[in-house]
Amino acid sequence: MQSIKATTNSQFSDQTGKVSTIKEWIKRHPYIWFIAPGLILYSIFVIYPIISAASMSLYYSNGFGDSKFVGFQNYIELFTNKEMSGQFLNAFKNNILLFGLNIVLVLPVQLYLAYLIHTKIRGYRFFQTIIFAPQFITSSVVIFMGTLIFDQNIGIFNHLLTLVGLDEWVRNWLALPGKGMYVVFLISAWGGIGFSMIYFIGAMKMLPEEIFEAAYLDGAGYWRRFFHIVLPLLRTSIINVVIISYIFSMTVFDYNYLLGGISGGTDHSMDVMTLFFYRVAFGANGAMGGTVGANSIGMGTTIACVMFVVILIVAIVQLKLLSRKEEN
């Protein structure tokens, strides 16, 4: 009897000790109360859906009936089924094309526009407002305005070509075979060019004025200050914008869906991975080969998981580049 009582007392003391240890740990780390609400919400709306999608990708399921565990068979089918792999690789290629166009053509323009406004050229406030204005417009309105420019019948662009005598160039720019992503790029670039420009302006305002004054006294001209002072000091900001541009390019949906429909335009020329995912998981075009018709949710979550891994790899590369920059 005494041994049982002693055991009970020891268990109670152990539990009490654990509780007191937890209380002491919380007292030593009071910031946990500030982190906990955000962590709970993040776990519910981000971490849990990711884990749930990863789990669902291992099942044969259409989202309504019984699910059958198939392991990695969905992933194998995605990359071995001719129809599936062809559409997936085409969509992925279009995502990469959009990202490349944004980095090569849009990013330098955003940097230079930010530099112009930072140097306070005449009317810089007006230009800053005009360039940033599309951010206050929903993407559907931006796309509609883009169709008013490139439409074959009512488009302003074709009308201008006719006025300057280039009638042979008049065509339906929104349905050019193999050129759909360039139209998506032009419209999305106009709609989003002001976002990163404002980001660069903020980063330039944080640079010490003494550096520019010293460079000016040493005889550094306008372009020399831009290439030898501004760009090197904005390296971290540029890397962040590159990553933001990559995430946008890999997750873009509304532009391609509204311009090309669920099929991704003529010959899938506007197809991207998010649109491919939507078409497989929720589309009503029928089976596209293999088990996709009856396995829409299983295959759809498989595509979503592949997209997540692709974006995650680039995010890890970003962290490596930033940590290396801090070490240097």
Side-chain angles (χ1 to χ4, degrees), residues 45-46 49-50 52-54 56-57 63 78 83-103 106 134-147 149-150 173-176 178-196 241-286 288 292 296-315:
F45 294 105
V46 178
I50 292 174
S52 178
M56 184 62 70
S57 68
L78 176 62
E83 182 71 16
M84 291 290 297
S85 61
Q87 292 193 38
F88 176 79
L89 291 176
N90 174 67
F92 181 71
K93 179 194 70 175
N94 288 335
N95 284 112
I96 295 298
L97 174 62
L98 182 61
F99 171 64
L101 291 173
N102 281 325
I103 296 304
V106 178
Q135 297 298 314
F136 300 104
I137 307 174
T138 61
S139 57
S140 57
V141 176
V142 171
I143 295 166
F144 175 72
M145 295 175 70
T147 58
I149 296 174
F150 294 106
W173 299 99
L174 297 176
L176 290 177
K179 307 297 181 183
M181 283 306 298
Y182 294 98
V183 177
V184 173
F185 162 71
L186 289 174
I187 298 177
S188 63
W190 174 73
I193 194 171
F195 175 79
S196 296
V241 170
V242 169
I243 298 302
I244 293 173
S245 178
Y246 177 79
I247 294 174
F248 166 78
S249 301
M250 300 302 290
T251 59
V252 62
F253 174 81
D254 46 1
Y255 287 92
N256 301 73
Y257 179 71
L258 293 176
L259 287 171
I262 194 172
S263 62
T266 306
D267 297 329
H268 300 295
S269 61
M270 295 183 185
D271 202 11
V272 287
M273 289 199 296
T274 52
L275 188 57
F276 175 54
F277 156 77
Y278 180 84
R279 187 166 63 249
V280 171
F282 307 108
N285 288 358
M288 299 192 318
V292 178
S296 56
I297 298 300
M299 186 59 70
T301 53
T302 299
I303 297 170
C305 289
V306 173
M307 291 173 53
F308 172 77
V309 171
V310 171
I311 297 174
L312 179 64
I313 291 173
V314 177

### Side-chain heavy atoms of Ser196 within contact of Ile244, under 4.5 Å
no

### Task
Would you check if Thr274 and Asn95 make a side-chain contact, meaning some heavy-atom pair closer than 4.5 Å?
no

### Any residue meeting side-chain hydrogen bond (donor to acceptor under 3.5 Å, both in side chains) with Asp271, in chain and number order, not counting sequence neighbours
Arg279

### Query
Do Met181 and Tyr255 have side chains that get closer than 4.5 Å, going by heavy atoms?
no

### Task
Measure across Ile187 and Ile143 and return the closest heavy-atom pair with its distance rounded to 0.1 Å.
CG2-CA, 4.1 Å

Please list every donor-acceptor pair under 3.5 Å in which a side-chain atom of residues 304-315 meets a protein atom from a residue at least two apart or in another chain.
none

#### Entry: Any side-chain heavy-atom pair of Phe99 and Ile103 under 4.5 Å
yes

### Query
Are the side chain of Ser245 and the backbone N or O of Val241 linked by a donor-acceptor pair below 3.5 Å?
no

### Minimal non-hydrogen separation, Val142 against Pro134, with atom names
CG2-O, 4.3 Å

### Query
With no hydrogens and no angle check, is any side-chain donor or acceptor of Asn102 less than 3.5 Å from a backbone partner on Ser249?
no

#### Entry: Which residues share a ring-ring contact (aromatic ring centres under 6.0 Å, His included) with Tyr257, sequence neighbours left out
Phe253, Tyr278

### Query
Could you give the distance from CG (Asp254) to CG (Asn256), rounded to the nearest 0.5 Å?
8.0 Å

### Partners meeting ring-ring contact (aromatic ring centres under 6.0 Å, His included) with Tyr182 (sequence neighbours left out)
none

### Query
Between Leu275 and Ile262, which heavy-atom pair has the shortest distance, and what is it?
CG-O, 3.9 Å

### Under the ring-ring contact (aromatic ring centres under 6.0 Å, His included) test, residues paired with Phe185 that sit two or more places apart
none

### Message
How close do Gly265 and Met270 get, counting heavy atoms only, and between which atoms?
### Response
N-CB, 4.5 Å

### Query
What are the two closest non-hydrogen atoms of Leu78 and Met299, and how far apart are they?
CB-SD, 4.1 Å

### Query
Looking only at heavy atoms, which two atoms of Met250 and Ile96 are closest? And how far apart?
SD-CD1, 4.2 Å

## Note on the structure
Applying ring-ring contact (aromatic ring centres under 6.0 Å, His included) to Phe248 and not counting sequence neighbours gives none

### Message
Working to the nearest 0.5 angstrom, can you tell me the gap between Phe45 CZ and Ile50 CD1?
### Response
14.0 Å

#### Entry: Distance, nearest 0.5 Å, that separates CD1 of Ile297 from OG of Ser57
12.5 Å

### Atom pair CG/CG of Asn94 and Leu89 - distance to nearest 0.5 Å
11.0 Å

### Message
Within the 4.5 Å heavy-atom criterion, are Val272 and Leu98 side-chain neighbours or not?
### Response
no

